[in-house]
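What's counted below: heavy atoms across the whole structure, side chains too, no hydrogens, waters or symmetry copies. Only a predicted model underlies this, so the values are computations on that prediction, with no experimental measurement involved.
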Amino acid sequence: MNQQDDIEVLVVTRHFARRWGGGEHSLAAVLDEFQTVQPGWTWTLSDGDFDPPNRLRPLPLVQLILRRNHLRHVAANFRGRLAFLQSLVGPTLLNALPREVATVFFMRDTRYWDAWPNHETGPRRAAKALYRLAMAPLVAAFRRETRRALERADLIVANSAFMAERILAFCGREALIVYPRTPVATAPLPAGSVVGMVGDGVDKGGRILCALAESFPDVSFRLHGHHPVPGAFPSNILAAGRESDPARLYQGLQLMLVPSQVAEAYGRVVVEALGHGVPVLASRVGGLPETVPNLAWTVANHDNADAWRVAFADAWSAAPSRRDEAYAFAAARRLVVDAQHRELVQRVLALVGETASSITLG
């Protein structure tokens, strides 16, 4: 247990009850850098491992987070349906803290406080609409708490220029852009003959994938999803399940698909693929255009299957000659990210110093 009676900085994220993919791992890497620069520095994170100082433990929200292991179990049983309730805690915790605690708000997506379209069809579309209607009061509360937290935070960090623009429009404050740090292989992987994709949900573009597989029956597709069901896809789609090792994820690929139907904040998987020499064809929406060498690697009409068929045919034939360009872009992006992370560390260290000097003791 952390026996500190004080806290120098609170780092707040949207989720808290379990780790949600690349964004949280990127944040954990930032915190590791903080410890490298300032050993022994006290920080608290409202996501992942949470060991708050004594002064924060009596807060009801802190007690709720400390019981997150139970919520993890429940969330797993309901396939993450408690995601929204988890999201309420980060901003609300920030708003409840005393002013002398320095606060950093990592805002990495627009879900719940910005437009999030319903891409379901048939009965599932109606069910989702009813679910959203029932959740409307909580969504309104989340928007209020998030706005207050963004206005209150000493430093706001966005993971893309797209997110920084949305934050500015939402609360009128500028955010520091810090791209997630993604792995870059020592050399591009050998060219393969398979098309890869991560995410099997409708928001990730599952229908686009199926349309492409049906239109290109001689091409093999490999889908890494949370809950892929064998037999639910065309026969040339291999449901491979989740894969945490990037080298294995991108092994054997000629092309990577990211046909997201929602405004992804950044698209970490895109830069990861490029960093292993795998060209990517992505939706031209949200922050995804920031993750590719140029717009020729994106599809403007991202919700149109015919547009994807045309773009895919060109990308599939050109992919073998684009591997060096893909890898070079990711290597150059890593240098940009390193500089952004150094600036973030310096900004937070300066912030903590300013906050500490403003406290009146006694």
Side-chain angles (χ1 to χ4, degrees), residues 10-21 23-24 27 46-47 59-65 67-68 70-72 74-97 103-153 156-160 162-173 175 199 201-205 226 260-266 285-287 303:
L10 175 78
V11 181
V12 172
T13 63
R14 182 167 70 86
H15 297 300
F16 79 95
R18 62 176 182 174
R19 293 203 175 271
W20 285 72
E24 284 71 15
L27 178 54
S46 66
D47 188 16
L59 292 175
L61 282 170
V62 173
Q63 290 298 311
L64 176 62
I65 297 172
R67 298 187 181 97
R68 71 191 185 282
H70 173 68
L71 289 180
R72 282 175 178 164
V74 174
N77 288 342
F78 286 91
R79 299 180 64 179
R81 293 303 181 186
L82 291 182
F84 179 76
L85 295 179
Q86 298 166 11
S87 301
L88 279 171
V89 173
T92 308
L93 176 60
L94 188 153
N95 294 331
L97 289 176
T103 54
V104 181
F105 197 163
F106 276 69
M107 201 68 181
R108 296 187 311 277
D109 62 57
T110 65
R111 189 176 299 210
Y112 301 132
W113 59 271
D114 208 347
W116 202 259
N118 184 352
H119 291 291
E120 301 289 354
T121 59
R124 291 179 63 90
R125 182 177 181 86
K128 191 169 186 176
L130 289 174
Y131 170 77
R132 289 184 174 183
L133 182 62
M135 295 293 289
L138 283 175
V139 171
F142 176 79
R143 286 176 60 87
R144 289 194 300 270
E145 289 298 313
T146 299
R147 186 185 297 275
R148 287 181 58 209
L150 289 170
E151 292 172 348
R152 153 77 192 276
I156 303 172
V157 181
N159 57 347
S160 66
F162 163 74
M163 277 301 301
E165 292 170 0
R166 297 307 304 139
I167 291 169
L168 181 64
F170 184 63
C171 69
R173 290 195 61 186
V202 62
D203 287 344
K204 293 295 185 181
H226 293 284
S260 295
Q261 298 300 291
V262 295
E264 302 278 1
Y266 180 68
V285 64
D303 59 347

Locate the shortest heavy-atom distance separating [X] from [Y]; write the atom from each residue and the value.
X    : Y    : value
F170 : T146 : CE2-CG2, 4.1 Å
R173 : A153 : NH1-O, 2.6 Å
V285 : S260 : CG1-O, 3.9 Å
A158 : I167 : CB-CD1, 4.0 Å
F162 : G286 : CG-C, 3.6 Å
Q261 : D303 : OE1-CA, 3.1 Å

Look up atom CG in L150 and atom OG1 in T103, then write down how far apart they are to the nearest 0.5 Å.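 Reported value, rounded in 0.5 Å steps: 10.5 Å.
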Stepwise salt bridge (charged side-chain N to carboxylate O under 4.0 Å, His left out) test for E145 and R148: CA-CA 5 Å; E145 289 298 313; R148 287 181 58 209; 3.3 Å; yes
Results of side chain to side chain donor-acceptor pair (under 3.5 Å) for R125 - residues two or more places apart only: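 R125: no side chain to side chain donor-acceptor pair (under 3.5 Å) contacts found.
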Counterpart residues, side chain to side chain contact (heavy atoms under 4.5 Å, CB included), relative to V262 (two or more places apart):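 V262 satisfies side chain to side chain contact (heavy atoms under 4.5 Å, CB included) with W116, P117, H119, D203, E264 once adjacent residues are dropped.
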Does A265 have any side chain to side chain contact (heavy atoms under 4.5 Å, CB included) partners at least two apart in sequence or in another chain, and if so, which?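 Scan of A265 (side chain to side chain contact (heavy atoms under 4.5 Å, CB included), adjacent residues dropped) gives D109, N159, M163.
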